[in-house]
Amino acid sequence: MSDLRVTVQHAEQRDDRVVTIGTTAADLFAADRSVIAARVGGRQRDLAYVLADGDVVEPITVGSPDGRAIVRHSTAHVVAQAVQDLFPKAKLGIGPPIQNGFYYDFDVEKPFAAEDLKAIEKRAREIVKAGQKFSRRVVSDDEARAELADEPYKLELIGLKSGSGTGDGADASDASVEVGEGELTIYDNLDAKTGELCWKDLCRGPHVPTTRHIPAFAVQRSAAAYWRGSEKNPQLQRIYGTAWESKEALAEHQHMLAEAEKRDHRRLGAELDLFSFPTELGPGLAVFHPKGGAIRTVMEDYSRRRHIEAGYEFVNTPHITKSTLYEISGHLDWFADGMYPPMSLDGGTDYYLKPMNCPMHILIFKSRGRSYRELPLRLFEFGTVYRYEKSGVVHGLTRVRGLTQDDAHLFCARDQLPDELDNTLKFVLGLLRDYGLTDFYLELSTRPEGKAIGTDEEWVEATQLLREAAEKQGLELVMDPGGGAFYGPKISVQAKDAIGRTWQLSTIQVDFQMPQRFEMEYQAADGTRQRPFMIHRALFGTIERFFAILLEHYAGAMPPWLAPVQAVGIPITDDHVPYLKDIAAKLSAKGIRAEVDSSDNRMQKKIRDAQKQKVPYMLIAGDDDVAKGAVSFRYRDGSQRNGVPVDEAVAEIVDAVDRRIQV
RNA sequence: GCCGAAGUAGCUCAGUGGCAGAGCAAUCGCCUCGUAAGCGAUAGGUCGCGGGUUCAAUCCCCGCCUUCGGCUCCA
């Protein structure tokens, strides 16, 4: 009986160790209870893994990203076991870890009700407490088929795996958690005392050693989901849950969810009187109230100013057009599902609400002969478009049916494309930073297979141009295969908000197709006719959506330059109203949106109201202030500054607005 | 579009097969006050819409509309 040599790899250091045959990963890390799995030669393994000579073994701790995923995956198993305990007829779908949690899909006769979820969580807690052992077992395809004869979805996964050999892209990614690559494995859940089989599931693993190694979890909600993500397939009932390395981490996550709910722009929109969705208008059609309108106006005005500085020209186009335009552009072939149905006018001519601005901007280009001297030509419009989104997808201001894009189309010569893309990206990122978003990464979306026009060469070239521009920005670049529009690939700017959520904002697309379809041309220096290249670019994405993102980012407490009411005067008694009105007039003269609360409420109540409206500056005045020609500031954080001379107070507010700082 | 849940006063929400309730907001009065809710009164509802069951429906059943959670899709 000989010994084995293994290497224990910690973050910084390596330990060479000699151990006896039969030593497991668990033995190596027995001293550290936070270790729940191991990576051996780059592959994740259970702690029960028996070491081989020469193995390089790295611990996976419960709180690491991999560790959390393992805990969540194991919790998904526990929940599935609980479901099958309570609903023996439930058939298993898949149950992978996802960001911040996990889900598991089930085919059940009746969807889960709220009480069902409670019962499932209760049963899952019992299973966790029981400390069942996760035990891995390699099986052949045929053995797996025999054991899982009652699990039609698992059988389908086995078929997929043995059928195609390699993973077939995005579709297989979630399912790979179950079957993985190479050999099939089943995980048995064994009773802690008797070793009796409690439950089993086809699974790649790894898992925590026992259910007791699940420190904290919660069942969250259920919803329907299509089997393997296709609406052609039956719908299963999905249970979402979350699991964490400690009760504290779970509580923190739940606190974050509560915080996100408080920031929900739909809630803030009502509380701050910014916008609403009157049912009389129909789903996804918003109206902006005066205060929401004030924010929008500032957003748009500032954006206009910056666009002028960057060499854009402003255009305007109608909201409705004959079908001809979208026949030429190809939208009716490729995008008709996303468009409102036509209205038939003038004895049979179809008119459509416009879903995109680009064809109209092309017509402006084509309105006369163009010279190479005019390029790059940058046409900009706050263009309102209408998209007939499926009824289940409209969501607040982030997903609407009537939306305004801050849309630009750049027309240039081939050799101008790289610079134009680079400049556009820089411009976009710079403007987003001015709105207070600073944490970005870029995503490159490539050709959508089966839903695209144009040749392979054109797509390769356009994609390459975008990639080069993206790589110049010094930001992380991630790929989004198949995510492009039908006419070209795109770069999108993803921004992280104040509580760590990422939002897709700007998109930049290279388009070889529209110029061809519309037979665009300009006259080059040598007198020849050339076809321009086209870049589509939306900066905010849509104003409505960007509005919502800013609102959630700032939790409604907009920086002064964007706040709908920038300062409110609060008199100690009615006697001080004229004095404050005078100050408000001084502020208005400087372009500040200022009001005086002259209601007959008590001053404490006025402060509360202003606080709830998240007004950045409260200007309080009583006898003391009037006597000194001063006001007293109260800021949103509750702090105060008393007896500030009026001119100084005005200057402070004007300065904060000018510098677009948050206070 | 699909699955599930919900819809009662401007908002947040109670409630019942037999005349519809609270708090906040609104309006009117009193109070004139120094940093998050002063007191009182008044007004406000076809209980989402349309059918059905019933002596009687806000409540039970069916359909539709809208919203919410997801799937799919996407800005």
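Numbers restart at 1 for each chain; the letters A, B, ... are given by sequence-line order, proteins then strands.
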- Item | Ring geometry between A:F314 and A:H307 (parallel below 30°, tilted from 30 to 60°, perpendicular above 60°) | perpendicular
- For nucleotides 61-70 of chain B, just jot down a letter per nucleotide in 5' to 3' order: B, S or -, based on protein non-hydrogen atoms under 4.0 Å. -----SSSBB
- Message: When you measure only distances, ignoring hydrogens and angles, does the side chain of A:R608 come within 3.5 Å of the base of B:rA37 through a donor and an acceptor?
- Response: yes
- Does OP1 or OP2 of B:rA25 have a side-chain N or O of A:K605 closer than 4.0 Å? yes
- Bracket notation of RNA chain B in which parentheses pair within the strand, [ ] cross earlier pairs, and | pairs with another strand (Watson-Crick or G-U, under 3.5 Å): (((((((..((((....[..)))).(((((.......))))).....(((((..]....))))))))))))....
- Message: When the P atoms of B:rC24 and B:rA56 are compared, how many Å lie between them, rounded to an integer?
- Response: 40 Å
- Task: Return yes if a side-chain donor-acceptor contact under 3.5 Å exists between A:D105 and A:W227, otherwise no.
- Result: no
- Task: Quickly work out the A:R636 CZ to B:rA36 P distance and round it to whole Å.
- Result: 17 Å
- Item | Side-chain N or O of A:K232 closer than 4.0 Å to phosphate OP1/OP2 of B:rU72 | no
- Item | Separation between the C1' atoms of B:rC60 and B:rG1, rounded to whole Å | 30 Å
- Query: Which value, in whole Å, describes the distance between the P atoms of nucleotides B:rU16 and B:rG52?
  - Reply: 27 Å
- Item | Parallel, tilted or perpendicular: ring planes of A:Y104 versus A:F106, cut at 30 and 60 degrees | parallel
- Message: Whole angstroms only, please: what is the CG-C1' distance between A:L268 and B:rC11?
- Response: 14 Å
- Query: Any side-chain heavy atom of A:I549 sitting closer than 4.5 Å to one from A:Y435?
  - Reply: no
- Item | N/O donor-acceptor pair, side chain A:Q640 with base B:rU35, under 3.5 angstrom | yes
- Test ring pair (Phe, Tyr, Trp, His ring centres under 6.0 Å) applied to A:Y386 - qualifying residues, sequence neighbours left out: A:H319
- Task: Please measure how far the C1' atom in B:rC59 lies from the corresponding atom in B:rU46, and state the result in whole Å.
- Result: 16 Å
- Query: Taking only residues two or more places apart in sequence or in another chain, which ones pass side chain to side chain donor-acceptor pair (under 3.5 Å) with A:T384?
  - Reply: A:T404
- Task: Determine which pairs satisfy salt bridge (charged side-chain N to carboxylate O under 4.0 Å, His left out) with at least one residue from residues 270-295 of chain A, sequence neighbours left out, and list them in order.
- Result: A:R267-A:E271
- Message: Once salt bridge (charged side-chain N to carboxylate O under 4.0 Å, His left out) is applied, what residue pairs with a partner in residues 628-640 of chain A remain, sequence neighbours excluded?
- Response: none
- Query: Could you give the CG-to-P distance, from A:D337 to B:rU72, as a whole number of Å?
  - Reply: 17 Å
